[in-house]
Protein chains: 2
Amino acid sequence: MSDLLARLRARRWRLTAQRRVVAQVLDGDHVHFTADEIHARAAALLPEISRATVYNTLGELVAIGEVLEVSTDGRAKRYDPNAHHAHQHLVCDSCGTIRDVHPSVDPLAGLPAAERYGFTVSRVAVTYRGLCPDCAARSAADPAADSAPARAKA
Amino acid sequence: MSDLLARLRARRWRLTAQRRVVAQVLDGDHVHFTADEIHARAAALLPEISRATVYNTLGELVAIGEVLEVSTDGRAKRYDPNAHHAHQHLVCDSCGTIRDVHPSVDPLAGLPAAERYGFTVSRVAVTYRGLCPDCAARSAADPAADSAPARAKA
DNA sequence: CCCTACCTTAGACAGTGTCTAAGTCAACAG
DNA sequence: CTGTTGACTTAGACACTGTCTAAGGTAGGG
């Protein structure tokens with residue numbers, strides 16, 4: 001992923017400071033940030049960067065296939081820099097954490113032609129949902145908090 | 001589904017006119033409406049129904065498991081009344097149409113314990129994406145329209 | 001070093017969903 | 001049937017996420 005900038009240059013992107021910091025943030029921890037989180041982290045490196053630029057850059061990265069958009073909860077989309085290796089997601093219902101998992105079989109095989117209703121199927125998104133170890137421990141200790149998803153991370 | 005009202009009564013729900021029309025709308029075509037579409041259709045039957053009530057009622061129906069929430073595109077959530085029969089979704093990237101499909105194997109089996117990272121996995125959402133027959137035909141006839149997803153149905 | 005097309009910015013705007021205070025009414029008791 | 005009560009509904013303000021525009025800035029080629 002460290003050659004993302006090189007790939008962008010090959011696509012004739014103008015390498016502005018803003019695009020560099022967005023790429024740098026995506027290149028950091030392999031976490032799946034929301035656009036707002038990416039903006040906050042980018043702003044820590046380049047305070048004057050605007051929200052619109054982050055959205056623009058993310059949209060362009062998605063369009064050229066360097067980054068994947070993941071919408072797991074109907075709230076903010078998350079951006080997944082791991083676009084070059086097929087994978088699926090494991091999502092915590094409580095804190096929203098996402099982990100990548102790698103499929104052992106091609107999930108497209110699970111859909112027989114008879115069930116495709118004439119659709120041209122090109123992709124499959126598989127999302128496993130449950131509780132991450134931390135949240136499972138917390139809900140066992142305090143069952144009342146079970147159904148109160150924390151918006152912010154602990 | 002026609003006994004949804006009976007099931008709600010069994011749960012000690014107060015059966016107001018508003019809840020009846022929401023149930024009635026969900027009971028209609030097996031389409032997956034957004035909350036706003038449900039509100040519009042409910043308002044056709046009961047003009048003074050408010051948006052908040054539709055959201056409240058849908059939220060309660062989801063909480064008790066009578067209806068499923070589906071978020072396919074990061075925009076409005078859609079509500080799926082077919083909650084009593086495990087199924088997956090086939091989504092058209094162009095027009096947004098959703099069809100239910102029925103899995104031949106338990107998709108949870110695709111995730112070996114070694115890949116669960118300590119998560120307590122309770123559900124799996126599988127979404128197949130591609131083009132519906134109509135949109136595939138249209139994009140074959142006019143490739144330029146291929147990447148311009150229509151927000152409204154044709 | 002200059003130019004120009006592309007990029008960024010601030011802020012307004014739009015869509016979706018949540019919350020609150022006040023009024024209303026379904027269900028039950030008598 | 002009528003009264004009571006607490007759950008339900010309402011309008012509208014609010015919050016969050018994402019998009020758009022006009023104006024100014026700047027990367028990269030000459």
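These numbers were taken from a predicted model, which means no experiment stands behind them. The figures that follow rest on heavy atoms only: side chains count, while hydrogens, waters and symmetry mates do not. Below, read A as the first sequence line, B as the second, and so on, with proteins coming before strands; counting in each chain starts at 1.
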A quick test of your reading: do over 12 heavy atoms of other residues, nucleotides or ligands sit less than 6.0 Å from NE2 of His84(B)? yes
Let me know the distance between CZ of Arg12(A) and P of dC7(C), rounded to the nearest Å. 13 Å
Which is more 5' along DNA chain C, the nucleotide nearest Ala76(B) or the one nearest Arg14(B)? Just name the residue. Ala76(B)
Going hydrophobic residue to hydrophobic residue with side-chain gaps under 4.5 angstrom, can you get from Ile49(A) over to Val67(A)? yes
Is there a side-chain polar atom (N or O) of Thr16(A) under 4.0 Å from OP1 or OP2 of dT8(C)? yes
Any Thr53(A) side-chain nitrogen or oxygen under 4.0 Å from OP1 or OP2 of dT9(C): yes
Would you say Tyr55(A) places a side-chain N or O within less than 4.0 Å of OP1 or OP2 belonging to dT19(D)? no
Whole angstrom is fine here: how far is it from CG in Asn56(A) over to C1' in dC6(C)? 12 Å
To the nearest Å, give me how far apart CZ (Arg11(A)) and C1' (dA27(D)) are. 20 Å
Got a donor-acceptor contact below 3.5 angstrom from the His89(B) side chain to the Ala125(B) backbone? no
Of all the nucleotides listed (dA27(D), dT9(C), dC16(D)), which has the minimum atom distance to the side chain of Arg75(A)? dC16(D)
Select one nucleotide: of dT17(D), dA10(C), dT18(C), the one nearest the side-chain heavy atoms of Ala52(A). dA10(C)
Where the side chain of Ser50(A) is defined as all heavy atoms beyond and including C-beta, which of dA10(C), dG6(D), dT16(C) is the nearest nucleotide? dA10(C)
Side chains of His87(B) and Asp80(B): is there a donor and an acceptor less than 3.5 Å apart? yes
Could you check how far NE2 of His39(A) sits from P of dT19(D), rounded to whole Å? 15 Å
Taking CD from Glu37(A) and P from dG18(D), how many angstroms apart are they, rounded to a whole number? 11 Å
dT9(C), OP1 or OP2 - any side-chain N/O from Gln18(A) closer than 4.0 Å? yes
In whole Å, what is the span from the CZ atom of Arg51(A) to the P atom of dT9(C)? 13 Å
Starting the side chain at C-beta, find the nucleotide from dT8(C), dT19(D), dT9(C) nearest to Glu48(A). dT9(C)
Look at Arg19(A) and dC7(C) and indicate whether a side-chain polar atom (N or O) is within less than 4.0 Å of OP1 or OP2. yes
Evaluate the side-chain proximity of Glu66(A) to Glu60(A): yes if any heavy-atom separation is below 4.5 Å, no if none is. no
Find the distance Leu15(A):CG to dG29(D):P and express it as a whole number of Å. 11 Å
d(CD1, Ile49(A); P, dG24(D)) in whole Å: 21 Å
